[in-house]
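Shown next, in structure tokens, is the structure this report addresses.
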Amino acid sequence: MSAALSSLSIQDEISAAILQILRAAKPELTCEIPEKLALERPKNRDHGDYATSIALALAKPSGLAPRKIAEIIQAGLIARRDIDSVDIAGPGFINITLAKSSQGGVIVKILQSRKSFGQGNVLDGVKVNLEFISANPTGPLHLGHTRWAAVGDSLGRVLTAAGAKVTREFYVNDRGVQMDKFGASLQSAALGQARPEDGYHGAYIDDLAKEIITGNPEVLKLSGEEQTNSFRDIGYKLQLAQQQSVLDSFGTHFDIWFSEKSLYDNNFFTHCQEVLKSKGHVYQLDGATWLRTTDFGDDKDRVMIKSDGSMAYFASDSAYYISKRERGFDICIYMLGADHHGYVGRLKALAACNGDDPEYNVHILIGQMVKIMEGGEEVKLSKRAGTIITLEELVEKVGVDAARYTLIRYPVDTPMVMDVDILRSRTNENPVYYVQYAHARICAVLRNATDVGVTYGADQIHPELLLHERERELIGALGEFPRVVAGAAQLREPHRIARYVEELAGVYHRFYSDCRVLPLGDESPSELHSARATLCLATAQVIANGLDLLGVSAPEKM
RNA sequence: GCGCCUGUAGCUCAGUCGGAUAGAGCAACCGCCUUCUAAGCGGUAGGCCGCAGGUUCGAUUCCUGCCAGGCGCACCA
């Protein structure tokens with residue numbers, strides 16, 4: 001990590017300075033001073049470059065008038081060379097305007113840090129297990145899975161950027177009743193028999209059955225259960241491989257494909273039972289083995305081993321969680337569909353039963369439903385009927401970039417509607433293109449700059465020349481990126497990156513229309529041209545970094 | 001019945017660790033290409049931030065209750 005990266009940004013410096021001033025104002029100010037102070041960027045330009053309401057917040061605990069506190073801060077800040085003015089407004093807001101020459105700092109930092117600009121250390125060294133999708137290997141990935149494929153992958157990138165050590169994991173339910181139904185469905189399809197009522201019915205089952213027979217004609221010679229199991233095992237491998245290849249082409253990669261079956265190898269499950277027993281929350285009732293999750297707020301206790309001796313689903317859940325913790329993960333993130341929100345209570349309680357802090361060690365994200373519209377109508381999803389929209393079909397319709405971007409741009413806890421027609425359009429209403437276009441536009445300008453002899457780069461910043469309102473806005477927006485990344489990581493909300501990048505693209509487009517970057521006609525290249533081109537270069541870098549956190553490409557031409 | 005999520009502009013949605021005139025895109029209307037990508041930019045218009053209380057100097061944001069919609073509440077996986 002370069003020196004420029006570890007050095008503080010200007011707003012961090014100023015907020016640290018304010019806290020310093022407040023702590024030093026001891027005789028007058030006796031109340032407790034907060035650890036952190038976030039300077040906000042005011043919406044209104046008249047309120048300066050940065051603003052804080054700290055004086056208002058401290059008025060009550062200190063017993064001082066807010067304006068009085070504001071004056072203390074003002075007096076302490078005004079001597080700084082990087083600050084042009086400090087104004088007190090209204091009841092006690094403090095509005096800070098930076099010196100023009102100091103605003104070049106962020107551009108320097110971007111050009112030095114390049115791809116690493118935006119990275120931070122709020123999650124430094126934290127080991128995170130990020131589990132997502134975890135679809136049954138009994139069919140293709142559908143829309144709900146696709147939302148997680150995009151959001152989960154992006155969250156992994158964001159957490160990594162914040163300093164966390166992230167392991168992406170896909171939990172494969174490769175044992176149990178569903179697998180057996182899958183095998184029976186494939187078998188009946190291959191033999192031209194009626195499908196089991198509660199089996200899998202999609203058209204993909206026929207295709208898969210054919211593929212199995214073609215590749216393994218010997219299964220037809222088997223019979224009964226042996227044949228069912230062969231269909232199951234071969235089908236499982238093919239289906240899993242299909243999911244893996246689709247995810248690969250979607251740009252979502254996993255570090256570990258974790259087999260549920262493996263939880264029962266080498267007595268690991270027995271070990272987990274012993275661990276939970278030793279913590280005192282396991283009991284026997286009616287011949288079954290239970291975990292007393294109600295000790296920690298779950299609405300009912302959960303069966304792990306059923307009275308017939310078979311494993312309940314929760315048995316695997318508990319062993320899997322213990323596996324994650326024993327593999328050294330501090331934070332286990334689960335990404336679940338809305339229909340699984342009932343799991344939150346039991347997973348948190350499970351962690352507590354294991355002696356962990358459910359608020360810290362377990363983080364569960366619940367993703368609401370995704371609907372898809374085409375031609376003004378909802379495309380219905382029905383796995384049973386076999387008319388599911390798969391990840392592949394979505395990508396076929398709109399492409400990887402548009403699919404990923406759109407799925408990430410909304411908070412996961414709100415239901416979302418994807419309109420295929422909009423995603424295919426190339427206008428403002430399609431935010432993917434809006435952002436990518438900004439990047440491509442900058443690249444075009446920079447190509448032209450070289451042609452007309454305008455030089456640009458870290459030695460061509462000339463911050464004192466960038467006095468236009470649009471330039472100030474753009475520089476300010478660039479400086480926000482590291483905070484946005486840190487916030488997205490802490491809140492587990494990658495959509496914040498998408499929204500930021502849209503905002504930045506908008507600011508750039510406005511700059512572009514008001515500030516001519518390159519010389520007009522026979523005008524000769526000046527330092528202002530170089531300064532603006534350099535600002536363009538920095539903007540392109542930040543847009544590219546933001547898009548990279550979303551797993552979306554930043555094209556140089558469109 | 002109990003629990004989780006949602007309710008912001010005509011539509012699709014952001015925002016809020018409580019702050020200064022509530023944001024974007026679309027749709028409507030009016031403008032901007034003889035020079036850097038118009039896949040762009042500017043402007044007009046559009047809001048009891050679901051309803052009612054509470055806490056606060058200040059609430060769209062926090063708390064409580066209600067209303068509406070979505071999704072769950074197995075010795076299924």
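In what follows, every chain begins at residue 1, and chains take the letters A, B, ... in the order their sequences are listed.
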Below 4.0 Å: OP1/OP2 of [N] and any side-chain N or O of [X]:
X        : N      : value
A:Tyr500 : B:rG15 : no
A:Lys300 : B:rC73 : no
A:Thr138 : B:rA77 : no
A:His47  : B:rG19 : no

Say whether [X] and [Y], considering side chains only, have a donor N or O and an acceptor N or O under 3.5 Å apart.
X        : Y        : value
A:Thr534 : A:Gln460 : no
A:Asp295 : A:His281 : yes
A:Thr97  : A:Asp49  : no
A:Glu169 : A:Tyr320 : yes

- Query: Within the stacking criterion (centroid distance below 5.5 Å, interplanar angle below 30°), does A:Phe93 stack on B:rG19?
  - Reply: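 Aromatic stack with B:rG19 absent for A:Phe93.
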Side chain of [X] (C-beta onward), nearest among [options]:
X        : options                : answer
A:Tyr313 : B:rA77, B:rC71, B:rA20 : B:rA77
A:Lys306 : B:rC5, B:rA39, B:rC75  : B:rC75
A:Tyr410 : B:rU12, B:rU6, B:rA77  : B:rU12
A:Leu520 : B:rC75, B:rA77, B:rU35 : B:rU35
A:Asp413 : B:rU6, B:rG72, B:rA20  : B:rU6
A:Asp339 : B:rC36, B:rG15, B:rC71 : B:rC71
A:Tyr343 : B:rU56, B:rA77, B:rC36 : B:rA77
A:Ala288 : B:rA77, B:rC75, B:rA14 : B:rC75
A:Arg441 : B:rA14, B:rA38, B:rA20 : B:rA38
A:Ala312 : B:rC41, B:rG19, B:rA77 : B:rA77

- Item | Expected output: side-chain A:Arg67 to main-chain A:Gly90 donor-acceptor under 3.5 Å |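 Between the backbone of A:Gly90 and the side chain of A:Arg67 there is a qualifying donor-acceptor contact (under 3.5 Å).
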Mind checking if [X] touches a base, just sugar-phosphate, or nothing, with heavy atoms under 4.0 Å?
X        : result
A:Ala449 : nothing
A:Gly521 : base
A:Ser53  : base
A:Val417 : sugar-phosphate
A:Ala438 : nothing

- A:Tyr200 side chain near A:Thr138 side chain, heavy-atom distance below 4.5 Å: yes
Nucleotide [N], atom [atom2] - distance to [atom1] of [X] in whole Å:
X        : N      : atom1 : atom2 : answer
A:Tyr512 : B:rC36 : OH    : P     : 6 Å
A:Asp514 : B:rG43 : CG    : C1'   : 13 Å
A:His509 : B:rC36 : NE2   : C1'   : 14 Å

- Side chain of A:Asp198, base of B:rA77: donor and acceptor closer than 3.5 Å? no
- Query: For the residue pair A:His509 and A:Tyr512, is the inter-centroid distance of their aromatic rings smaller than 6.0 Å?
  - Reply: no
- Message: Checking A:Met418 against A:Leu407 for the side-chain contact (heavy atoms from CB on, under 4.5 Å) test, could you report, in this order, the C-alpha distance in whole Å, the side-chain angles of both residues, the deciding distance, and whether it holds?
- Response: CA-CA 8 Å; A:Met418 293 185 86; A:Leu407 288 164; 3.7 Å; yes
Set out, line by line, the N/O atom pairs under 3.5 Å between protein and nucleotides 23-32 of chain B.
| unit_1 | atom_1 | unit_2 | atom_2 | d |
| --- | --- | --- | --- | --- |
| B:rG25 | O2' | A:Asn428 | O | 3.4 |

- Item | Distance under 6.0 Å and angle within 45° of ring axis: A:Arg175 vs A:Tyr264 |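 A:Arg175 over A:Tyr264 ring: yes.
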